Amino acid sequence: MITNTATRYGSLARVLHWTIAVLIIGAMILGQVGIRTAPTADNIGFLTTVFSAH
C-alpha cells in the first residue's frame with residue numbers, strides 16, 4: 001500500500017526514508033575517503049570525483 005494508514009507508514013514513505021538514509025551514509029563514507037586520501041598529482045582526479053559526489 002502506497003498511502004499511510006493510522007498504524008503504519010506506506011511503502012512510498014518507507015522507500016524514501018531508507019533511500020535518504022543510504023544517501024546520508026554514503027556521503028559520510030565519501031567524505032571520510034576524501035579526507036583520508038593524501039592529495040597528489042596522481043589522484044587529484046579521484047579526489048575531485050569523490051568530493052563532487054560527496
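Here the structure is a predicted model, which is why all the values come from computation and not from measurement.
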Exercise for review: Would you kindly confirm whether Leu16 and Ile2 end up in one hydrophobic cluster when ILVMFWY residues are joined by side chain heavy atoms under 4.5 Å apart?
Suggested key: yes

Exercise for review: Output all residues satisfying side-chain hydrogen bond (donor to acceptor under 3.5 Å, both in side chains) with Thr3, sequence neighbours left out; order by chain, then residue number.
Suggested key: none

Exercise for review: Would you confirm whether Asn43, through its side chain, and Thr37, through its main-chain N or O, come within 3.5 Å as a donor-acceptor pair?
Suggested key: no

Review point. Would one find more than 12 heavy atoms of other residues, nucleotides or ligands at under 6.0 Å from atom CZ of Phe51?
Key: yes

Check your understanding: Of all heavy-atom pairs between Leu47 and Pro39, which one has the smallest distance, and what is that distance?
Key -> CD1-CA, 3.6 Å

Check your understanding: Out of curiosity, Leu30 CG to Ile35 CD1, how far, rounded to the nearest 0.5 Å?
Key -> 12.0 Å

Point to revise | Side chain to side chain, Phe46 and Val33, heavy atoms closer than 4.5 Å | key: yes

Review point. Given Ile44 and Thr40, is the side chain to side chain contact (heavy atoms under 4.5 Å, CB included) satisfied, shown in steps?
Key: CA-CA 6 Å; Ile44 198 70; Thr40 63; over 6 Å; no

Check your understanding: Going by side-chain heavy atoms closer than 4.5 Å, which hydrophobic residues are tied to Ile20, directly or by a chain of links?
Key -> Ile24, Met28

